[in-house]
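Note sheet for the following structure.
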Amino acid sequence: MEVKRRTVRSLITKLGSVSEQTRAEALSELRLMTKLDADTRPLIADAGAVPYLAETLYSSAHAAQDDAAATLLNLSISSRAVLMSTRGLLDALSHVLRHHASSSYAYAVQSSAATLHSLLIDDEYRPIIGSKRDIIYSLIDIIKHSGSSVRSVKDALKALFGISLYPLNRKTVIDLGGVGPLFSLILKGFATGVVEDATAVIAQVAGCEESEEAFRKVSGIGVLVDLLDGATGSSMRVKENAVAALLNLVRCGRERIGREVREKGMLVVDGITDVSENGSSKGKSKAVALLKVLYGGNNGCLVRDERFDSLFNQQECA
């Protein structure tokens with residue numbers, strides 16, 4: 001381990017060299033070390049590499065920017081606290097994301113978004129990152145930009161999902177125009193993985209009062225209901241996300257949106273039932289809750305369907 005420490009210190013010293021070639025070689029070695037040797041990650045982070053790496057994200061040299069972003073991503077796996085305590089790190093990540101369509105290297109954009117997603121695993125960092133409106137704006141711009149690669153879109157969506165896990169951040173996503181691009185990804189027929197990630201974000205964003213008007217503007221309820229129609233061939237994960245989004249809309253919205261969900265949801269009862277029977281444990285629970293919304297619950301129900309009596313009772317006893 002001592003040999004590794006000496007090697008790390010030597011490489012980090014080289015990051016401050018006046019020689020561009022020396023810096024580039026050190027960056028490349030650090031990237032490889034953090035990829036192949038998990039034990040070196042905390043050594044590199046604790047030895048002061050992060051400020052150098054953050055500064056390199058502003059580099060116009062694509063290779064250097066790529067190596068720095070990838071190294072930060074690897075470090076974020078085990079040294080989130082060090083990254084988050086480094087002054088200017090979030091601004092540097094934001095810089096890469098903001099210039100995704102111009103000067104930033106595509107792979108650096110992907111690594112920067114993935115780094116945010118990694119940092120957002122710790123719930124204490126969600127309000128901090130969510131307060132950076134420029135980051136959220138840039139992530140939204142990535143998913144709506146026609147030139148973005150599928151990988152870039154998926155990484156941006158994962159970061160937006162982590163941000164949206166913090167309730168107060170959902171309004172910011174809406175205010176910055178995130179709802180329209182999220183639904184556009186569904187309507188444009190992107191690959192299943194993209195639609196799964198987009199609906200996961202939509203389900204979270206639906207959990208705030210401001211979602212009602214934003215979803216109305218894009219006919220969001222209709223889109224979500226269509227995803228539950230067996231004819232669309234949606235994956236189970238997409239169906240679970242659609243169920244969660246509809247349920248959150250009912251819980252956070254006014255009675256008007258509740259009526260609309262009930263009316264349109266009755267058209268895809270079979271799809272919701274499929275989730276209640278074959279989805280994940282969390283998906284099953286939410287599907288049953290949505291069915292109770294549609295049928296008014298067991299007591300005084302608006303519509304009676306004996307198919308769900310045992311299902312509702314099982315949930316109550318669980």
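Along the sequence shown, residues carry numbers from 1. Note: hydrogens, waters and symmetry copies are ignored here, and every other heavy atom, side chains too, is used. Being a predicted model, the structure only gives us computed values, none of them experimental.
Inter-residue side-chain proximity for Lys239 and Thr199 is flagged as unmet; no heavy-atom pair is nearer than 4.5 Å. With contacts defined as side-chain heavy-atom distances shorter than 4.5 Å, the pair Leu97/Leu116 qualifies. The shortest side-chain heavy-atom distance between Leu157 and Leu182 falls under the 4.5 Å cut-off. At a threshold of 4.5 Å between non-hydrogen side-chain atoms, the residues Val269 and Leu294 count as touching. Under the 4.5 Å side-chain criterion, counting only non-hydrogen atoms from C-beta, Leu43 is not in contact with Met33. The shortest distance between side-chain heavy atoms of Val223 and Val218 does not fall below 4.5 Å. Residues Cys208 and Ile174 meet the side-chain proximity criterion, which asks for heavy atoms closer than 4.5 Å. Looking at heavy atoms from C-beta onward, Leu224 lies in side-chain contact with Leu249 at the 4.5 angstrom threshold.
The line from CZ of Arg251 to CD1 of Ile257 is 14.0 Å long, rounded to the nearest 0.5 Å. Of the inter-residue distances, the one linking Glu25 atom CD with Glu20 atom CD reads 11.0 Å to the nearest 0.5 angstrom.
Linking ILVMFWY side-chain heavy atoms closer than 4.5 Å, directly or via other members, places Phe161 and Ile121 in two distinct hydrophobic clusters. Leu36 and Leu11 fall into different hydrophobic clusters, where Ile, Leu, Val, Met, Phe, Trp and Tyr side chains are chained together by heavy-atom contacts under 4.5 Å. Under a hydrophobic clustering in which Ile, Leu, Val, Met, Phe, Trp and Tyr are joined whenever their side-chain heavy atoms come within less than 4.5 Å, directly or via other members, Leu53 and Leu32 fall into different clusters. Hydrophobic clustering of Ile, Leu, Val, Met, Phe, Trp and Tyr side chains at less than 4.5 Å, counting indirect connections, keeps Ile12 apart from Val3. Residues Ile202 and Tyr166 do not share a hydrophobic cluster, clusters being chains of Ile/Leu/Val/Met/Phe/Trp/Tyr side chains in contact below 4.5 Å.
Annotation: ring-ring contact (aromatic ring centres under 6.0 Å, His included) contacts involving residues 203-255, sequence neighbours excluded, comprise Phe183-Phe215. Sequence neighbours left out, the pairs with a member in residues 86-98 that pass salt bridge (charged side-chain N to carboxylate O under 4.0 Å, His left out) are Asp91-Lys132. Sorted pairs that involve residues 181-194 and meet side-chain hydrogen bond (donor to acceptor under 3.5 Å, both in side chains), not counting sequence neighbours, are lacking altogether. Residue pairs meeting the ring-ring contact (aromatic ring centres under 6.0 Å, His included) criterion with at least one member in residues 244-269, sequence neighbours excluded, do not occur. Sorted by first and then second residue, the salt bridge (charged side-chain N to carboxylate O under 4.0 Å, His left out) pairs with a member in residues 252-261 read Glu212-Arg254, Glu212-Arg256, Glu255-Arg262, Glu260-Lys264; sequence neighbours excluded. Residue pairs meeting the ring-ring contact (aromatic ring centres under 6.0 Å, His included) criterion with at least one partner in residues 218-246, sequence neighbours excluded, are absent. The ring-ring contact (aromatic ring centres under 6.0 Å, His included) contacts involving residues 109-151 comprise His100-His145, where partners must be two or more places apart or lie in separate chains. Screening residues 143-152 for salt bridge (charged side-chain N to carboxylate O under 4.0 Å, His left out) gives Arg151-Asp155 as the qualifying pairs, with residues at least two apart or on separate chains. Residue pairs that meet the side-chain hydrogen bond (donor to acceptor under 3.5 Å, both in side chains) test with at least one member in residues 47-56, sequence neighbours left out, do not exist here.
With sequence neighbours excluded, the residues forming a ring pair (Phe, Tyr, Trp, His ring centres under 6.0 Å) with Tyr107 are Tyr105, listed by chain and number.
Atom NZ of Lys4 has more than 12 neighbouring heavy atoms from other residues, nucleotides or ligands inside a 6.0 Å radius. Within a 6.0 Å sphere centred on CD of Glu213, other residues, nucleotides and ligands contribute more than 12 heavy atoms.
Closest of all the heavy-atom pairs between Leu90 and Ile135 is O-CD1, 3.9 Å. The two residues Thr22 and Lys14 have their closest heavy-atom pair at CG2-CB, 3.8 Å. In terms of heavy-atom proximity, Val225 sits nearest to Gly265 at CG2-N, 4.4 Å. Minimum interatomic distance between Ala113 and Leu139 (heavy atoms only, all atoms of both residues): CB-CD2, 4.3 Å. Contact detail for Leu185 and Ile143: the closest heavy-atom pair is CD2-O, 3.6 Å. Closest approach of His95 to Ser104, counting heavy atoms only: O-OG, 4.0 Å.
Using modelled atom types, one side-chain atom of Ser276 and one backbone atom of Thr273 make a donor-acceptor pair closer than 3.5 Å. Judged purely by atom type and a 3.5 angstrom limit, Asn241 uses its side chain to pair as donor or acceptor with the backbone of Arg237. Ser280 places a side-chain N or O within 3.5 Å of a backbone atom of Gly283 that can act as its donor or acceptor partner. Side-chain atoms of Arg170 come within 3.5 Å of backbone atoms of Gly207 as a donor-acceptor pair (strictly under, hydrogens ignored). The backbone N or O of Ala203 lies less than 3.5 Å from a partner atom in the side chain of Asn248, making a donor-acceptor pair. Asp122 places no side-chain N or O within 3.5 Å of a backbone atom of Glu124 that could act as its donor or acceptor partner. In this structure, Gln65 contributes its side chain and Leu57 its backbone to a donor-acceptor pair below 3.5 Å. A side-chain donor-acceptor contact under 3.5 Å links Thr115 to the backbone of Ser111. Put simply, the side chain of Ser152 never gets that close to the backbone of Ser148: no donor and acceptor are under 3.5 Å apart.
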Point to revise | Derivation of the side chain to side chain contact (heavy atoms under 4.5 Å, CB included) call for Asp197 and Val201 | key: CA-CA 7 Å; Asp197 291 340; Val201 180; 5.8 Å; no
Exercise for review: Let me see the working for Leu27 and Arg31 under side chain to side chain contact (heavy atoms under 4.5 Å, CB included), right down to the final yes or no.
Suggested key: CA-CA 6 Å; Leu27 269 173; Arg31 176 179 183 173; over 6 Å; no
Practice item. Kindly indicate, with the supporting measurements, whether the criterion side chain to side chain contact (heavy atoms under 4.5 Å, CB included) is fulfilled by Ile186 and Val194. Key: CA-CA 8 Å; Ile186 300 172; Val194 172; over 6 Å; no
Practice item. In sequence, state the C-alpha distance, the side-chain angles, and the governing distance for Lys154 and Ser149, and then conclude on side chain to side chain contact (heavy atoms under 4.5 Å, CB included). Key: CA-CA 9 Å; Lys154 284 180 66 64; Ser149 68; over 6 Å; no
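Here Tyr58 is tied to no hydrophobic group at all, with no ILVMFWY side chain closer than 4.5 Å.
Under the 3.5 Å distance criterion, with hydrogens and angles disregarded, no donor-acceptor pair is assigned to the side chains of Ser17 and Ser19.
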Contacts under 3.5 angstrom, residues 70-79 side chains, donor-acceptor by atom type, not counting sequence neighbours:
| from | atom 1 | to | atom 2 | distance (Å) |
| --- | --- | --- | --- | --- |
| Thr71 | OG1 | Asp67 | O | 2.7 |
| Asn74 | ND2 | Thr34 | OG1 | 3.0 |
| Asn74 | ND2 | Ala70 | O | 3.3 |
| Ser76 | OG | Leu73 | O | 2.6 |
| Ser76 | OG | Ser118 | OG | 2.9 |

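Taking the charged nitrogens against the carboxylate oxygens, Lys217 and Glu210 have no contact shorter than 4.0 Å, which rules out a salt bridge.
Here the options are Leu120, Ile136, Ile142, Leu165, the test is side chain to side chain contact (heavy atoms under 4.5 Å, CB included), and the partner is Leu160; only Ile136 passes.
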